[in-house]
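Right, one structure below, let's go through it.
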Amino acid sequence: MIERARTFLWHHARVLEQRRFAFLFDGGPAEPVVAAVLAHRNADGGYGHALEPDGRGPSSQPLHTRTALELFAEVGAPEHALPACDFLASVANPDGGVPNALGTAAEHPRAPWWVIDEGSDLLMTGLLAGALHRLGVEHPWLDRATEFCWDRVENLTKSHPYEANACLVFLDRVPDRPRAERAAARLGELVREQGLVDLGEGRAHEGYAAGETHKPHDYASRPDSLARRWFTDEEMTRDLDALVAAQREDGGWTFPWPVWTPVVEHEWRSIVTIEALLTLRAYGRIS
């Protein structure tokens, strides 16, 4: 399984994903991963240049910055987080939330779901706050963002899969664990009641492309995630079996959302291939 994935990545992946695979599965060094990420950094401390494949322009954007922070956390490089925090503070709203995409994204190609809106976005703020809590950094903006997320998550009555997943990312990493456990239990009930998880039915949520669903492992990518409590052992076993079977003949996995420009297909497939391997390793399906 891993050898087939390695072949796929050598054929199709960016340098970043090749370096990341080497770090995660071959005992490679962290420094090349950090260098590849820093190549996407701008003078304002944020990240751009298609670090997240669906935003093709150079401008600093919240989602690119979140991707950088998660990669720094993965390789143990928290020293690069504070400039990104300063960037996020500069684009945040008074309530601490950040927009989904900044107006500067309009100047270059981007996926249609990169919606430019000045309002505070729970999805984006939750992802960013979760990444920074994973890094263990302290910053005044993170304090405000955390309070923003608590207020929105604890009062959530309707959601969609990507937003619910972002809430879970925040709850899995925020320091107040008793409060997070209570909020996650409530969120899990909402996810199941509103059909935000695909337990084998294959029905996409309203507004999503056919087949674009969130499976149990998309929420509970690790057995120590709070979302693991949302699913029975039978549901997780069936889902992980399906994830193993989803590896394609070329060695890679694929993704369920639309390919809006050709270059993103191999970029995203390389990313989701690494994520699939990490999930399967976390659950003991591969060594």
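Atoms considered below: every heavy atom in the structure, side chains included; atoms not considered: hydrogens, waters and symmetry mates. We count residues from 1, following the sequence as given.
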Any Lys/Arg nitrogen of [X] or [Y] sitting under 4.0 Å from an Asp/Glu carboxylate oxygen of the other?
{"X": "E70", "Y": "R173", "answer": "yes"}
{"X": "R6", "Y": "E3", "answer": "yes"}
{"X": "R152", "Y": "D121", "answer": "no"}
{"X": "E17", "Y": "R269", "answer": "no"}

**Study point:** Aromatic plane relationship, F255 with W268 - under 30° parallel, 30 to 60° tilted, over 60° perpendicular
**Key:** tilted
Test item: side-chain donor near acceptor, [X] and [Y], under 3.5 Å:
{"X": "T104", "Y": "Q61", "answer": "yes"}
{"X": "W260", "Y": "D54", "answer": "yes"}
{"X": "H133", "Y": "T146", "answer": "yes"}

Exercise for review: Return yes when atom CD of E154 has more than 12 non-hydrogen atoms of other residues, nucleotides or ligands closer than 6.0 Å, and no otherwise.
Suggested key: yes
Exercise for review: For atom CD of E181, decide whether the heavy atoms of other residues, nucleotides or ligands shown that lie under 6.0 angstrom number more than 12.
Suggested key: yes
Review point. So which of L240, L199, D198 actually passes side-chain contact (heavy atoms from CB on, under 4.5 Å) with K215?
Key: D198
Check your understanding: Is there a side-chain contact between N42 and H49, using heavy atoms and a 4.5 Å cut-off?
Key -> yes
Review point. Is the gap between the ring centers of F8 and W253 under 6.0 Å?
Key: no
Revision key, fill the gap. Tested for ring pair (Phe, Tyr, Trp, His ring centres under 6.0 Å) against Y162, the lone hit among Y219, W113, Y208 is Y208
Review point. If Ile, Leu, Val, Met, Phe, Trp and Tyr residues are connected whenever their side-chain heavy atoms lie under 4.5 Å apart, and connections chain through other members, are L128 and V115 in the same group?
Key: no
